[in-house]
Amino acid sequence: MLKFFWMRCARLVFLCIAMSGSVRPAAVAQSYHGPLRPLKVGDQLPDLLIKDIENYLKKDVSMSAFRGKYLLLDFWSSGCVSCYSGFKRLVGLQKRFEKDFQAILVNPYETKEEMRQRTARPSVAQTAYLPDLPSIVGDERWRRLFPFPTLGQQVWIDRDGKVIGISVPHNTNGRVIERLIKTGELDIFKASSFFLDLKTVRLKTVLDARRSDTTGHSAFSDIYTGEGSSIYGLQSGRVVDSLRGTVRYSFLNCSYDRLFYTAVQLAPEAASQHPRTTIFELSDPQYFLLPDNEEDMEGYFRRNVFCYEIELPLSQEAALPAIMWKELNQHIGQKLGINARVEVRPRLNRVLRIIDPAKLPASKGGKKMRQFPQKGIATATRYMNTPVKEVLNDIAASLMDREGLSGVKGYRPLPCVVEAETGISVDIAVESHLGRHAGRDYLSALQQFLGGFGIGMVEEYRPTTVLVYSDR
């Protein structure tokens, strides 16, 4: 009897092994091929079969192969400059949490060949970092699953393949991932959908009434985490309701400094008197500045980003900037303990002026044009029959690009002033600070270049309109 007992046990074990062996191929074979619809938080990610995935152990893999880990899908394209900025951080987070976390780059907006051609351009190749993370390129199914209106979006998937969050990259840091792994809680700003048309959906109707302050003509709220929260810094601009005779400006999740600066720009005299720089006369200015540590970014957004809407009768539009400025000082001032004001002070400026007009590359006539010298290459801009003041204004604007010039030797973000006659037109090619100039003294190179055409670039003190933030 004992012999037959062990024979039956052996047959049972063999049957279990055979059944387990037959289940795995069936699971792979059942990879999802049905119709796709946009997913929201709480939906299950279909078990898509991904062919020719890059930087992964297998060439073809089903999404179910990643079950047991938390997934972060980072949506990007080669034309999105800001998308590259978070890649190095993702690589570091992947190495730190590789046991429980997997970051995957998703680019469904272009083919692999298009991506390789664009990332090979000098303007991208010399400045962008492309990581060796698993990458899905050219698979348009992901556009149907996540139809984002803007790039720089990330999707969080739990260990069982469920969508648990949709956010922007500043949410992604070690503290958030560590808490997610330990508790299963995703502490980020979550989006409930992908699209918000502020021209048809009034901000007052979607702001959280329990946390908003309202007056007769405005609504104010802390950072908005409902519909549309995936689009940071969104504003509707000037919207006129001809039936009601009103004009409205709406702002979703804008930083306090952008709101104040916009209020100044809307003033009638803003064209000539808008602030050229910002001064912080605060006991703790770092509290109000973008942090260097990415893990502190979420705290910055929670503190310093707000929603604001102002609406007035169209006949009173001239008073809108002053009312907006007063209300921002009232609401944000109380919230952050600051006071904002505009003053004229002597400040160091970077001045571009014509020293020797005879050296200017005089225009040969023809159609006015501004273009890159070769299609798809952005290392220089060629101006044809263009007023020299317009060219210098473009150069001045590039010298105010703090992010683009932050790694350039000797760079200081100074206000720029242009002194040039409007009637002089030139033909000239100006090299960009991006690309091969990164990391060396671009300012000296630019000064030498301009000097050859009779244009001087100097630093001198001048009365300057400034936006001042101080403690209340």
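Ring planes of Phe97 and Phe101: perpendicular class, angle over 60° (limits at 30 and 60°).
Using a 4.5 Å heavy-atom cutoff, the side chains of Thr278 and Val466 are not in contact. Counting only heavy atoms from C-beta outward, the side chains of Ile395 and Leu450 approach each other to under 4.5 Å. Side-chain atoms of Ile455 and Leu360, non-hydrogen and from C-beta on, do get closer than 4.5 Å to each other. Side-chain contact check for Leu467 versus Ile279: every heavy-atom pair is 4.5 Å or farther apart.
For Pro285 against Phe280, the heavy-atom pair with the smallest separation is CB-CB, 4.1 Å.
Applying the side-chain contact (heavy atoms from CB on, under 4.5 Å) test to Thr386 and every residue at least two apart in sequence or in another chain returns Lys368, Tyr383, Glu390, Val391. Shown here are the side-chain hydrogen bond (donor to acceptor under 3.5 Å, both in side chains) partners of Tyr261, two or more places apart in sequence or in another chain: there are none. Applying the side-chain hydrogen bond (donor to acceptor under 3.5 Å, both in side chains) criterion to Asn55, with sequence neighbours excluded, gives no partner residue. Scanning for side-chain hydrogen bond (donor to acceptor under 3.5 Å, both in side chains) contacts around Asp100 gives Arg159, with sequence neighbours left out. Evaluation of the salt bridge (charged side-chain N to carboxylate O under 4.0 Å, His left out) rule for Asp139 yields Arg141 as partners, not counting sequence neighbours. Residues satisfying the ring pair (Phe, Tyr, Trp, His ring centres under 6.0 Å) criterion with Tyr287, sequence neighbours excluded, are absent altogether. Residues passing the side-chain contact (heavy atoms from CB on, under 4.5 Å) test with Met457 are Arg350, Leu352, Leu399, Leu446, Gln447, sequence neighbours excluded. The ring pair (Phe, Tyr, Trp, His ring centres under 6.0 Å) search around Tyr70 returns none, not counting sequence neighbours. Residues forming a ring pair (Phe, Tyr, Trp, His ring centres under 6.0 Å) with Phe453 (at least two apart in sequence, or on another chain): Phe449. Remark: Glu460 engages Val351, Arg353, Val458, Arg462 in a side-chain contact (heavy atoms from CB on, under 4.5 Å) (not counting sequence neighbours). With sequence neighbours excluded, the residues that form a side-chain hydrogen bond (donor to acceptor under 3.5 Å, both in side chains) with Glu343 are Arg341, Arg345.
Around NZ of Lys112, the count of heavy atoms belonging to other residues, nucleotides or ligands within 6.0 Å exceeds 12. Applying the 6.0 Å contact sphere to CD of Gln448 captures no more than 12 heavy atoms from other residues, nucleotides or ligands.
With no hydrogens or angles considered, a side-chain donor-acceptor pair links Asn349 and Thr464 at under 3.5 Å. No side-chain N or O of Gln334 forms a donor-acceptor pair with one of Gln330 less than 3.5 Å apart.
Of the listed residues (Leu259, Val264, Leu266), just one forms a side-chain contact (heavy atoms from CB on, under 4.5 Å) with Thr262, and that residue is Leu266.
Aromatic pair Phe306/Tyr256: ring centres not closer than 6.0 Å.
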Return all side-chain donor-acceptor pairs below 3.5 angstrom for residues 313-324, not counting sequence neighbours, or 'none' if the list is empty.
from	atom 1	to	atom 2	distance (Å)
Glu317	OE1	Arg238	NH2	3.1
Glu317	OE2	Arg238	NE	2.7

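Taken from CD1 in Ile354 to NZ in Lys389, the straight-line distance is 11.0 Å, to the nearest 0.5 Å. Taken to the nearest 0.5 Å, the OG atom of Ser283 stands 11.5 Å off from the CD1 atom of Ile338. The NZ atom of Lys182 sits 13.0 Å away from the CD1 atom of Ile177 when rounded to the nearest 0.5 Å.
Without hydrogens or angle criteria, Asn339 side chain to Ser470 main chain gives no donor-acceptor distance under 3.5 Å. At distances below 3.5 Å, not a single donor-acceptor pair connects side-chain atoms of Asn385 with backbone N or O atoms of Val426. In this structure, the side chain of Asn107 does not engage the main chain of Val137 through any donor-acceptor pair within 3.5 Å. Gln154 places no side-chain N or O within donor-acceptor distance of the main-chain N or O of Asp74, the cut-off being under 3.5 Å.
Remark: Arg116 engages Glu54 in a salt bridge, criterion side-chain N to carboxylate O under 4.0 Å.
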